[in-house]
Amino acid sequence: MIRKAMGETMATDSNLRKLQLTELALMQDFDRMCKKHGLRYYLLGGTLLGAVRHGGFIPWDDDVDLYMPRPDYEILQKNRKEWLPENLN
């Protein structure tokens with residue numbers, strides 16, 4: 001079942017929760033990789049607000065907002081084939 005909100009298609013609550021859990025797993029993998037290679041990144045936008053205010057996701061949020069300083073991003077891009085799984089390259 002799909003509902004409309006502000007002219008955009010939104011997933012049902014159960015599909016949204018599955019998406020959030022998948023995004024959480026990806027963020028955990030991303031965090032481990034960044035720590036391993038000394039890369040900096042920051043949560044921002046709805047992702048930061050959800051972490052602080054809700055201890056997780058904002059209940060209706062369906063994406064992840066990350067910021068990475070340009071020098072760290074360039075290091076990640078240079079090494080992505082070695083550091084990331086093939087399906088994320």
Side-chain angles (χ1 to χ4, degrees):
M1 186 184 300
I2 297 194
R3 61 184 178 205
K4 297 272 185 175
M6 297 187 296
E8 295 183 19
T9 303
M10 293 183 61
T12 61
D13 289 342
S14 70
N15 285 340
L16 178 59
R17 187 64 186 145
K18 288 177 189 175
L19 175 63
Q20 289 172 337
L21 292 173
T22 300
E23 292 170 339
L24 177 60
L26 287 168
M27 286 193 324
Q28 289 169 330
D29 289 343
F30 183 76
D31 180 66
R32 277 190 287 278
M33 182 209 52
C34 287
K35 286 179 179 173
K36 179 178 179 179
H37 299 290
L39 301 176
R40 299 166 295 161
Y41 76 93
Y42 309 95
L43 303 180
L44 68 149
T47 303
L48 177 60
L49 181 62
V52 172
R53 188 168 72 182
H54 298 275
F57 284 89
I58 295 175
W60 56 88
D61 200 5
D62 65 354
D63 67 349
V64 174
D65 306 302
L66 299 175
Y67 164 80
M68 179 175 274
R70 189 67 183 194
D72 297 77
Y73 174 77
E74 289 174 0
I75 292 169
L76 174 61
Q77 285 301 311
K78 181 180 175 185
N79 295 286
R80 73 178 190 272
K81 291 185 185 225
E82 179 184 343
W83 295 351
L84 296 173
E86 187 174 315
N87 64 325
L88 295 179
N89 274 303

inquiry  = For a ring-ring contact (aromatic ring centres under 6.0 Å, His included) check, start with the C-alpha distance between Y41 and Y73, then their side-chain angles and the critical distance, and finish with the verdict.
reply    = CA-CA 9 Å; Y41 76 93; Y73 174 77; over 10 Å; no
ask   = What do the steps show when you test L43 against D65 for side-chain contact (heavy atoms from CB on, under 4.5 Å), and what is the final call?
value = CA-CA 6 Å; L43 303 180; D65 306 302; over 6 Å; no
task = Take F57 and L24 through the side-chain contact (heavy atoms from CB on, under 4.5 Å) test and state the conclusion after the steps.
result = CA-CA 9 Å; F57 284 89; L24 177 60; 4.1 Å; yes
task = Go through Q20 and D62 one step at a time and tell me if the side-chain contact (heavy atoms from CB on, under 4.5 Å) criterion holds.
result = CA-CA 7 Å; Q20 289 172 337; D62 65 354; over 6 Å; no
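Note: the hydrophobic cluster containing M27 also contains V52 (ILVMFWY, side chain heavy atoms under 4.5 Å, direct or indirect links). Residues L48 and V64 fall within the same hydrophobic cluster, defined by Ile, Leu, Val, Met, Phe, Trp and Tyr side chains chained together at heavy-atom separations under 4.5 Å. No path of Ile, Leu, Val, Met, Phe, Trp and Tyr side chains, each step under 4.5 Å between heavy atoms, connects I58 with L21, placing them in separate hydrophobic clusters.
Between R17 and D13 there is no salt bridge, since no side-chain N of the basic residue sits under 4.0 Å from a carboxylate O of the acidic one. Salt-bridge annotation for E74 and K78: absent, with no side-chain N of the basic residue lying under 4.0 Å from a carboxylate O of the acidic one.
Put simply, the side chain of H37 does not reach to within 4.5 Å of the side chain of N79, judged on heavy atoms. A heavy-atom distance below 4.5 Å is not found between the side chains of L66 and Y42. For the pair I75 and W83, the minimum side-chain heavy-atom distance is below 4.5 Å. At least one side-chain heavy atom of M33 sits under 4.5 Å from a side-chain heavy atom of L76. Between L16 and T12 there is no side-chain heavy-atom pair separated by less than 4.5 Å.
Here the CG atom belonging to L49 is positioned 8.5 Å from the CG atom belonging to D61, to the nearest 0.5 angstrom.
Across every non-hydrogen atom of M68 and R40, the tightest pair is CG-O, 3.3 Å.
Evaluation of the ring-ring contact (aromatic ring centres under 6.0 Å, His included) rule for H54 yields no partner, not counting sequence neighbours.
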